[in-house]
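Small disclaimer: the values here were computed from a predicted structure and weren't measured.
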There are 2 protein chains.
Amino acid sequence: MKGKFVAVEFEKQMQFLTEVEKLKIIYRQNTVVDGSRYENSAEHSWHIVLMAMVLLDSSDNKEIDLLRVVKMLVIHDLVEIDVGDMFLYDTEANQNKSKLETAAAKRIFGLLPANQCEEFVALWEEFEKRETPDALFAAALDNMQPLMNHYASEHRGIKNCSVRASDVYEKKKFIQKASKQMWEASKELIRKCEENGLFVKGQ
Amino acid sequence: MKGKFVAVEFEKQMQFLTEVEKLKIIYRQNTVVDGSRYENSAEHSWHIVLMAMVLLDSSDNKEIDLLRVVKMLVIHDLVEIDVGDMFLYDTEANQNKSKLETAAAKRIFGLLPANQCEEFVALWEEFEKRETPDALFAAALDNMQPLMNHYASEHRGIKNCSVRASDVYEKKKFIQKASKQMWEASKELIRKCEENGLFVKGQ
């Protein structure tokens, strides 16, 4: 498309928006509702944006900036274009994760004009740190959605069945810092997954 | 999950957020970037939300409320859960579209608590009418994205190749009301699609 758009900035934006097509072919560990294929990170991102819109009032912190949360959720998985979707419970694969993802963020957000690159990198870093109320709420939604999906898809076709319910509980318990209601629901969903054999029981 | 959540409102929200899983298995006419499968309406929705964030300054109207645009784009295709994805150029299929979609909106958004149902129905209707600056910008993004996708996926696996470039031009020319820059880019993309045999040439 080079040379065909009026502004250089717009051309960069179009290149970025074309590159992100690739997130639609980054597949996760769980399936879509009819079990026909694995869920991808783009549709997962859409789902949690909708969750943010609907569950905003469930946040215990009432100072949430919904637009910032939405922005974090829309872009939070883009680094996977270079790094792939790393399974939360694969300790080995996750060791170098942070370094690899930082390089991916630099490359992918670097396709954008400088001011947008800066904004997106900052939002992505804030999301990863889970310290601010916006980031905590966003991360809680990101961690609750797979549990809802497991329930909706009747736990079909999960790639890895050796995850212990107690590990899931440990990884997800930070949700209570964002929303007691969402954590209650998440615990109930973990219990159901355990009951249906998706997670291994006990310690 | 009945009875397990604290508030009735939250239970309704969870039911809605589980129902919307189905948008991930509503497939469109175009493929994902590697041609391995058709694109679905959930990941398409994610893509245009990201486009809204990135291309906001391309709107000729500078009074755009980005959060409202995002909300419209996230929910704009949910009616397809009941109605399916209707091909823009299938005149016959589109005749009853409006009536069917209104019923779908009533059922799907009706799963939510009343205040959220009202908000979403109103946003969806506003989007469909394309009259306000927010709705025009949202609809322009929704109409530009497939052209970008055709280009990125090298026009692989399109379902229907009998569409005339002149019809595409007619259907999409409203984009210029939202953004001259986006319309220039869209025209260029239509020309490329025509050149590569995706759209039929001439009148």
**Asked** Between A/R37 and A/E43, is the closest basic N to carboxylate O distance under 4.0 Å?
**Response** yes
**Prompt:** In terms of side-chain geometry, is the basic nitrogen of A/E101 or A/K106 positioned less than 4.0 Å from the acidic oxygen of its partner?
**Reply:** no
**Message:** With a 4.0 Å cut-off on N to O distance, would you call A/E119 and A/K71 a salt bridge?
**Reply:** yes
**Request:** State, with a plain yes or no, whether a side-chain heavy atom of A/D34 is found less than 4.5 Å away from one of B/K22.
**Result:** no
**Request:** Against chain A, label B/E39 side chain, backbone, both or neither, depending on which of its atoms sit under 4.5 Å from a heavy atom there.
**Result:** side chain
**Prompt:** So which of B/L67, B/V49, B/D57, B/L78 has the largest heavy-atom pair count under 4.5 angstrom toward chain A?
**Reply:** B/L67
**Message:** Less than 4.5 Å to any heavy atom of chain A: does that hold for the side chain of B/Q116, its backbone, both, or neither?
**Reply:** side chain
**Complete:** Closest non-hydrogen atoms of B/I190 and B/A165, given as atom of the first, atom of the second and distance, are CG2-O, 4.2 Å
**Message:** Checking A/H47 against B/K24: is there a side-chain donor and acceptor pair closer than 3.5 Å?
**Reply:** yes
**Message:** So for B/E9, is it side chain, backbone, both, or neither that comes closer than 4.5 Å to the heavy atoms of chain A?
**Reply:** neither
**Message:** Can you tell me how the ring of A/F199 sits relative to the ring of A/H150, calling it parallel under 30°, perpendicular over 60° and tilted otherwise?
**Reply:** perpendicular
**Message:** Under 4.5 Å from any heavy atom of chain A, what part of B/S36 do you find: side chain, backbone, both or neither?
**Reply:** side chain
**Message:** What part of B/N40 gets within 4.5 angstrom of chain A, counting heavy atoms only: side chain, backbone, both, or neither?
**Reply:** side chain
**B/L73, part contacting chain A, at a heavy-atom distance under 4.5 Å** = neither
**Asked** Do other residues, nucleotides or ligands put more than 12 heavy atoms under 6.0 Å from the NZ atom of B/K187?
**Response** yes
**Asked** Shortest non-hydrogen contact from B/R107 to B/I81?
**Response** NH2-CG2, 3.9 Å
**Asked** For the candidates B/V70, B/T18, B/I25, which exhibits the highest count of non-hydrogen atom pairs separated by less than 4.5 Å from chain A?
**Response** B/I25
**Request:** Might you point out which heavy atoms bring A/L56 and A/I64 nearest each other, and give the distance in Å?
**Result:** CD1-CG2, 3.7 Å
**Complete:** Within residues 126-136 of chain A, contacts to chain B at heavy-atom distances under 4.5 Å involve none
